[in-house]
Amino acid sequence: MELLTVEGVRKSFRALVAVRDVSLEIHSGEILGLIGPNGSGKTTLLNMIAGTYKPERGKIFFQGRRIDGRRPDQICRAGVARTYQQVKPFLNETVHENLLLAALHCEDSGGSEERVARSLSVTALESMEGVQVAALPLIHRKCVELARALTTGCKLMLLDEPMAGLNPTEVSQFSEIIRKINSIGVAVLLIEHVMRAIMALSNRIVVLDHGEKITEGKPSELANDPKLARVYMGTE
Ligand code: ADP
Ligand code: MG
């Protein structure tokens, strides 16, 4: 069984069809890259999976159960965690307090401290657990976002351009942390503009253009895909 199945979902804003009948699957333990030019519908698709938007058409299944139309907190409890394009941790709280809050979003309330400790370790934040998030540099704030998602006990993490604003060295560090999260059994849907990173991290990649899925494949297959070249010509 697929971990997540998206079947023909659609979302419009007035006359604009932002996501047009898109289908995709995410397998357990996989990193699926989602790319496409600005405005191609990536964030809107992620928002339908996370429950922010209800699809007008189509269905979404997570671990075999329908989740489209459920509330974001219900989808989170089912095992799907997300981060935002804009970093949104509680800035005045410490790293540790942020993670304890995230631990409340789990089905099993026991074991919060264990989950927090594991998240701190995977995201290399152990030495910063007592620091106010506002005092951290951007890369570590972004790691707090990952750690918060991880602490919910999710099976699937939805990441919307998590590397925006990072320099190349930081992109490498951050990619390594995403790999670590994936290696402990968490599947990832990764939206990212940094092509080098998405090509290196993804098992498969889905390409959107004007709200439609135009192609998908392994990074090695897509490198020579004329459809991808056409979409990115002049923009990359
Ligand atoms: P991407 O994340 O690929 O850049 P989005 O999913 O954010 O694309 O946007 C897809 C299209 O839908 C764009 O044309 C965008 O302007 C439009 N759009 C997104 N969100 C809204 C909204 N809340 N209201 C109106 N139009 C929106
Ligand atoms: Mg977006």
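Counting starts at 1 for both ligands and their atoms, in listed order.
- In plain terms, the two heavy atoms of Val206 and Lys213 that are nearest each other are CG1-CD, 3.5 Å.
- For Glu212 and Arg20, the salt-bridge test passes: some basic side-chain N is under 4.0 Å from an acidic carboxylate O.
- Taking a cut-off of under 4.0 Å to the non-hydrogen atoms of Tyr53, the atoms of ligand 1 that pass are 23 (N).
- Here the side chains of Glu113 and His96 are in contact, with some heavy-atom distance below 4.5 Å.
- With hydrogens and angles ignored, the 3.5 Å screen pairs no side-chain donor or acceptor of Glu30 with any backbone N or O of Asn203.
- When heavy-atom distances to ligand 1 are checked against a 4.0 Å cut-off, Ile191 has no atom that comes that close, whether in backbone or side chain.
- Listed by number with element, the atoms of ligand 1 under 4.0 Å from a non-hydrogen atom of Pro37 are 3 (O).
- Judged by the shortest distance from any of its heavy atoms, Gly36 lies outside the 4.0 Å radius around the atoms of ligand 1.
- When the options Met48, Glu161, Lys42 are ranked by their closest heavy atom to atom 3 (O) of ligand 1, first place goes to Lys42.
- Below 4.0 Å from some heavy atom of Leu16 lie the following atoms of ligand 1, by number and element: 11 (C), 12 (O), 14 (O), 17 (C).
- Considering backbone and side-chain atoms alike, Ala18 places every N or O at 3.5 Å or more from each N or O of ligand 1.
- Across all non-hydrogen atoms, the minimal contact from Ala187 to Gly29 is CB-N, 3.7 Å.
- Salt-bridge annotation for Arg179 and Glu176: present, with a side-chain N of the basic residue lying under 4.0 Å from a carboxylate O of the acidic one.
- No side-chain heavy atom of Tyr53 sits under 4.5 Å from any side-chain heavy atom of Val19.
- Counting backbone and side-chain atoms alike, Thr43 contributes an N/O/S atom closer than 2.8 Å to the Mg ion (ligand 2).
- Remark: ligand 1 and Gly39 share an N or O pair separated by less than 3.5 Å (distance only, no angle test).
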